[in-house]
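Computed from a predicted structure; not experimentally measured.
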Amino acid sequence: MKTRKIALLTAIIMVFVMVLSACGNNAGAKDTLPVNVGSDPDTIDPALNSAVDGATMIIHAFEGLYTLDKDGVPIPGQALDCKISDDGTVYTFTLRDGLKWSDGKALTAHDFVYSWNRAISPETAADYAYMFEVIDGYDEGKLNVTAPDDKTLVVTLKNRIPYFLELTAFPTFSPVRQDIVEAHGDAWATKPDTYIGNGPYKVTEWVPGSHITMTKNKNYWNYKALGMENIKFVLMDDPGAQLTAFTQGEILFTDDMPNDEIDAWREKPEFNIEGQLGTYYVSFNTQKEHLNNPKVREAMILAIDRDFICREIGKAGQVPAGAFVPIGLSDADPTKEFRDVGGNYYDPYDYEGNLEKAKKALADAGYPNGEGLPTFEYLYNPESSAHMAIGEALQDMWGKIGIKVNLVSQEWATFLNTRKNGDYDIARNGWLGDYNDPISFLDMWITGSGNNDAQWSNPEYDALISQIKSETDTEKRFELMHKAEDIIFAESMLCPIYYYVDIFLINQKVENFWSSPLGYKYFMYATVKE
């Protein structure tokens, strides 16, 4: 996943910097679960968020028609059930009885009609608008989604989509309140009194730079199954401070830690490593002079010692990446992985061999030993110590072929928008699958996509993605997805580094928590043993 304009975050801080709830610091309260999943979110508007930390907060405050269980399987959420037409193109959802928003007002199927159309509106400028492309009417700007009555939602797809129920569990498909959004604009998602959701928890306190507290939503349909009375999302961006807070019991979960502490914690019961569907990679701004040359990009891709980065910096079992779509996703034949069928586009372990190829590619581009190239800037966010260490390693590795790079850091929200707006040369990046299908790693690169940080455009690729989304034959569909990834590497459009693993620390007193391979953390049913 990634997000919106920094002006919005500034507005949040200006509005709330003087506001402190009478609740005060309740990190140690018996009815509160204090956790850390990141720093201040850039946005937690379901339509605008594209970052994993923001998504974790959103799934606690909102719920779609379906949600995901511990195994990542879509199960009914706001919907009681769903009937699918024989040709797989019409989904008829029946909502649960008595659904309400967190302020007690009735939630109806019409709220979904409004919210989904808001997400594709050019005025909203949602990064994930393209995810609705599978629904009939998307191309005309009005989705074929209707509410015959308050409890029925009928969705007509362009063609059969095998992962559509998973899409309905994705945060961008959550309903939002039309009256509140229209009354407050973007600011609706910045204040507890207007951040009205339909999920298991509701925001009751928000102090930027400190914490966001969510309290059980008594109007949630499954209220009795919920865990702690409060979940306190402590907002921290320093891995060292996070580790200190964890060891002192100020937080009972942290999603990050200093890389040089991994070896010391590896055998402790609080330390967890889990599989994750994602790739850590480098974005090239393909519109920048010199970087618009595929041969220059190819040279930079080949000049990296990925095994060194995984062993000496990652230290947690990350796998050197020879492609973009990660390991863990099935192919047309479910007994085979997409990655095994597609193979590597270079040997991620053959650093010396790749280095020689990199020098040749740079010479072929007209810049032997880097002569004639400017000094590029490599942009990263400093919240994780690994990002800087990887940046320093890349700086050294690219220097070996004559490419000079200066390192530039920006805090998370600013960094997201700088990268999104294309105001950079080269940047750290990472992507976790939004659902369990390879297309989640491929359709983001269509021209104009809100997640296309590379500013890349290829009409052949765009047409291929459209063909994939309309293809109903499974074998043909996967064949086309492999062709799409072939185009990415024929143009050396991005630079994979490694396939992710998920590292986190959790106090052994916490029960009924789970982490998704998509990166989300689920605290809504968690409890703390005495």
For residues [X] and [Y], is any side-chain donor paired with an opposing acceptor at under 3.5 Å?
X      : Y      : answer
Tyr128 : Asn49  : no
Thr335 : Asp333 : yes
Glu491 : Asn458 : yes
Thr254 : Gln242 : yes
Thr447 : Asp462 : yes
Thr43  : Asp45  : no
Thr418 : Gln410 : yes
Asp255 : Asn36  : no

Quick one: does [X]'s side chain have a donor or acceptor within less than 3.5 Å of a partner on [Y]'s backbone?
X      : Y      : result
Glu392 : Leu394 : no
Arg297 : Ser492 : yes
Asp340 : Lys336 : no
Ser440 : Asp437 : no
Thr124 : Arg118 : yes
Ser115 : Asp111 : yes
Gln318 : Ala316 : yes

*Would Lys288 and Asp423 pass as an ion pair if we require N to O under 4.0 Å?*
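No salt bridge links Lys288 with Asp423.
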*Check ion pair Arg306-Asp347 (N to O, under 4.0 angstrom)*: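 Salt bridge flag = no for Asp347 with Arg306.
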Between [X] and [Y] (judged by ring centroids, cut-off 6.0 Å), do the two rings come close enough to count as a pair?
X      : Y      : result
Phe308 : Tyr351 : no
Phe504 : Phe513 : yes
Phe253 : Phe523 : yes

What heavy-atom pair brings [X] and [Y] nearest, and what distance separates the two atoms?
X      : Y      : value
Leu379 : Tyr424 : CD2-CB, 4.1 Å
Phe338 : Pro438 : CD1-CG, 3.6 Å
Gly54  : Ile44  : O-CG2, 4.0 Å

*Output, in order, the C-alpha distance, side-chain angles, deciding distance and verdict of side chain to side chain contact (heavy atoms under 4.5 Å, CB included) for Val341 and Asp331.*
CA-CA 7 Å; Val341 174; Asp331 206 84; 3.7 Å; yes
How long is the straight-line distance from [atom2] of [Y] back to [atom1] of [X], given to the nearest 0.5 Å?
X      : Y      : atom1 : atom2 : value
Ser330 : Asn436 : OG    : CG    : 6.5 Å
Ile401 : Lys357 : CD1   : NZ    : 14.0 Å
Ile503 : Phe271 : CD1   : CZ    : 5.0 Å
Asn429 : Ile497 : CG    : CD1   : 11.0 Å
Tyr201 : Tyr220 : OH    : OH    : 10.5 Å

*Would you call the rings of Tyr163 and Tyr435 parallel, tilted or perpendicular, where under 30° means parallel and over 60° means perpendicular?*
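It falls in the parallel class, under 30°.
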_Parallel, tilted or perpendicular, as decided by the 30° and 60° cut-offs, for the rings of Phe173 and Phe132_ =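 Taking Phe173 first and then Phe132, their aromatic rings lie parallel (interplane angle under 30°).
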*Between Asp307 and Arg311, is a salt bridge (charged side-chain N to carboxylate O under 4.0 Å, His left out) present by the stated rule, with each step listed?*
CA-CA 6 Å; Asp307 187 47; Arg311 278 187 294 103; 3.0 Å; yes
[X] versus [Y]: any side-chain heavy-atom pair under 4.5 Å?
X      : Y      : result
Lys83  : Phe93  : no
Leu432 : Tyr520 : no
Asp53  : Trp412 : yes
Tyr498 : Val319 : no
Tyr525 : Asn222 : yes
Ile120 : Tyr130 : no
Pro239 : Glu261 : no

[X], [atom1] atom: more than 12 neighbouring heavy atoms under 6.0 Å:
X      : atom1 : answer
Lys315 : NZ    : yes
Glu312 : CD    : yes
Gln508 : CD    : yes
Lys469 : NZ    : yes

*Where do Asp453 and Arg419 land on the salt bridge (charged side-chain N to carboxylate O under 4.0 Å, His left out) test, with the steps shown first?*
CA-CA 6 Å; Asp453 293 339; Arg419 193 176 63 185; 3.1 Å; yes
*Identify the residue among Asp136, Asn144, Asp139 that makes a side-chain hydrogen bond (donor to acceptor under 3.5 Å, both in side chains) with Lys158.*
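One option only clears the test, and that one is Asp139.
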_Derivation and outcome, side chain to side chain contact (heavy atoms under 4.5 Å, CB included), residues Val325 and Arg339_ = CA-CA 7 Å; Val325 177; Arg339 192 68 281 131; 3.5 Å; yes
*Could you please spell out the steps behind the salt bridge (charged side-chain N to carboxylate O under 4.0 Å, His left out) verdict for Asp263 and Arg266?*
CA-CA 5 Å; Asp263 289 339; Arg266 194 182 302 274; 2.7 Å; yes
*Given Thr89 and Asp87, is the side-chain hydrogen bond (donor to acceptor under 3.5 Å, both in side chains) satisfied, shown in steps?*
CA-CA 6 Å; Thr89 63; Asp87 65 358; 2.8 Å; yes
*Taking it one step at a time, do Gln78 and Glu63 satisfy side-chain hydrogen bond (donor to acceptor under 3.5 Å, both in side chains)?*
CA-CA 7 Å; Gln78 296 286 286; Glu63 184 175 77; 2.9 Å; yes
_Could you go through Tyr522 and Asn512, starting from their C-alpha distance and side-chain angles, then the distance that decides it, and tell me whether this counts as side-chain hydrogen bond (donor to acceptor under 3.5 Å, both in side chains)?_
CA-CA 9 Å; Tyr522 291 80; Asn512 299 322; over 6 Å; no
*asked:* Testing Tyr280, Tyr345, Phe489 one by one against Pro496 for a side chain to side chain contact (heavy atoms under 4.5 Å, CB included), which residue passes?
replied: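 Output: one option passes, namely Phe489.
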*Yes or no on salt bridge (charged side-chain N to carboxylate O under 4.0 Å, His left out) for Asp502 and Lys521, after CA distance, side-chain angles and deciding distance?*
CA-CA 11 Å; Asp502 189 16; Lys521 305 298 186 273; 3.0 Å; yes
